[in-house]
J.: 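This is the structure I want to talk about, given as structure tokens.
Along the sequence shown, residues carry numbers from 1.
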Amino acid sequence: MMKQSGNNPEKTPAAQPAEPPAEKPASGRRRGKRALLIGCIVLLAILAAVIGYSVWERPPEVDKPGPTAQTDPDTDKEPDSEDDFAGALNTGRSNGMYTFLLVGSDDGNGNTDTILVGRMDTVNHTVNVVSIPRDTMVNNGWKQTRRINAVYWGTVNSGGVGIEGLKKQIRNVMGFDIDCYGVIDLSAFVEVIDAMGGVDFDVPFDMDYDDPTQDLHIHLKAGPQHLDGQSAIGVVRYRYGNTASQSYVNGDLGRIEMQQSFLKSVASQMISLGNIPNLSKVIDILTDRLDTNLTAANMAFFARQLLKCSSDDIHFYTAPVTGRVVNSASYVCLNVNEWLELVNEHFNPYNEPVTTANVDIVYYSSSAGGYVATSGTVRGPGFFASAPAEPAQPADTGEAGTGDAGETGGETVQPGTDAGTGEAAGADEAGTEAPAPEAPADAAA
């Protein structure tokens, strides 16, 4: 018999708790269900955001078009003001088309040298834009100047609303009322470009210009580069440089072409990206800084419609004009036949064509031996008393038999140049001379 020690009794080891069974790995089917659930949640979130955005964005309400009766505060007009003209189209509008007016303003120190009129077709996804040269003559009866770039601030300085005065003149040359408008000043333009992260653009030549009176200094090298807001505003404002070799040979038309090229680049980059960088911030800037009849929801609507276009569906044009000299100042008159053809093909939102009965355009008529208007009334005819019986340019570039269509009796010259000389006329950008209180001031000549 085995003897046990009292001090070290032999003990049975205590039972250890059983370990839980190892967890089996999730099956492929279970993982697939989980991924599918997560994917559905993400998809629903995106769908909800898209639906919410679509509900929020809204096309502008297009008012019934036609001339509006308003009292023009400008006392420098003859009694038969442009409000008497009531020939604009107002029926039979095409579906899904919106017209717009974009104006570049320098916030009261000069003229609105950039005037763009456009039409967006949201059915066929096209955008057409036409630049109206700053020296375009309008039939407004003013004594000092009749350039379209002076209308906005001339109306303001006469106690009126600048955009209303300009919209009337745009209606007179287009033949219909514009749906949407936007007036942007230079600083807001800079902020928008910066908010978008800048723009890639190929500067065609070295740009060097200094104007201490405006605190304006433009220095850009030729070639592809990424422009911030300040550099971009230099490109679109540039008209001539410190030397003749750095100036546009064709004056204001050269600047118009540059502006169009820049805007086309901006639009093309947005379309290629499939979005507008920092769209919400851009809309905030425009809502706060843009003088417009559009809401933030309207802007979002147009932004989405723009992204549905291709770069090839965005087209820019320049109004066809003929150079004239009146009271020693250079003007350009619309070539009526060419102009109406352009308007009807690319800008008219109505089913009926715009005719001379719908516009109020002043031009030189060889057969009449002076200036006439399509409306039948030249307002303030004394303005032309000192004008030569024949235009300064002897060449006749119009079509035979169209003397009363504003296309004969003068040489077609580039907007912004002195007729017959080809020399640049006027300051390069708004901000050189403010309109006088009595009437809008003429652009520097």
J.: Does a side-chain heavy-atom distance below 4.5 Å link P59 with Y98?
T.: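 Yes, their side chains come closer than 4.5 Å.
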J.: Does NZ or CZ of R324 fall inside the cone over Y331's six-membered ring, less than 6.0 Å from its centre and within 45° of the axis?
T.: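 The answer is no; the distance or angle limit is not met.
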J.: Could you check whether D211 pairs with R237 (Lys NZ or Arg NE/NH1/NH2 to Asp/Glu carboxylate O, under 4.0 Å)?
T.: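 Salt bridge between D211 and R237, a charged N being under 4.0 Å from a carboxylate O: no.
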J.: Does the gap between the ring centers of F302 and F100 come in under 6.0 Å?
T.: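 For F302 and F100, the ring centres are not under 6.0 Å apart.
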J.: When you compare the side chain of V117 with that of I132, does any pair of heavy atoms fall below 4.5 Å?
T.: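 A side-chain contact under 4.5 Å exists here.
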J.: Can you confirm whether M120 sits close enough to T126 that some side-chain heavy atom of one is under 4.5 Å from a side-chain heavy atom of the other?
T.: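 A side-chain contact under 4.5 Å is absent here.
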J.: Report yes or no: do Q259 and T114 form a side-chain donor-acceptor pair below 3.5 Å?
T.: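 Checked: Q259/T114 side chains pair up, N/O donor to acceptor below 3.5 Å.
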J.: Are side-chain heavy atoms of I115 and Y152 found at a separation under 4.5 Å?
T.: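 No - every pair of side-chain heavy atoms lies 4.5 Å or more apart.
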J.: Would you please test R147 and D113 for salt bridge (Lys or Arg N to Asp or Glu O under 4.0 Å) and show each step?
T.: CA-CA 10 Å; R147 288 174 174 156; D113 282 358; over 6 Å; no
J.: Give the ring-plane orientation class for F262 versus F189, where under 30° counts as parallel, over 60° as perpendicular and anything between as tilted.
T.: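 Taking F189 first and then F262, their aromatic rings sit tilted (interplane angle of 30° to 60°).
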J.: Output yes when D177 and K167 qualify as a salt bridge under the 4.0 Å nitrogen-oxygen rule, no when they do not.
T.: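 Salt bridge flag = no for K167 with D177.
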J.: Are Y317 and H346 near enough that their ring centres are under 6.0 Å apart?
T.: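 Under 6.0 Å, so yes.
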J.: Can you confirm whether the side chains of H315 and N128 place a donor and an acceptor under 3.5 Å from each other?
T.: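 No, no side-chain donor-acceptor contact under 3.5 Å.
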J.: Do the side chains of L286 and T292 get nearer than 4.5 Å, heavy atoms only?
T.: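 No, every pair of side-chain atoms sits at 4.5 Å or beyond.
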J.: Any side-chain heavy atom of L263 sitting closer than 4.5 Å to one from V236?
T.: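 Sidechains of V236 and L263: no contact.
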J.: I'd like to know if R379 pairs up with D360 as an ion pair, taking the criterion as any Lys NZ or Arg NE/NH1/NH2 lying under 4.0 Å from an Asp or Glu carboxylate oxygen.
T.: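 Here R379 pairs with D360 in a salt bridge, since their nearest N and O are under 4.0 Å apart.
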J.: Do L294 and P60 touch side chain to side chain, with heavy atoms closer than 4.5 Å?
T.: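 Result yes, sub-4.5 Å side-chain heavy-atom pair found.
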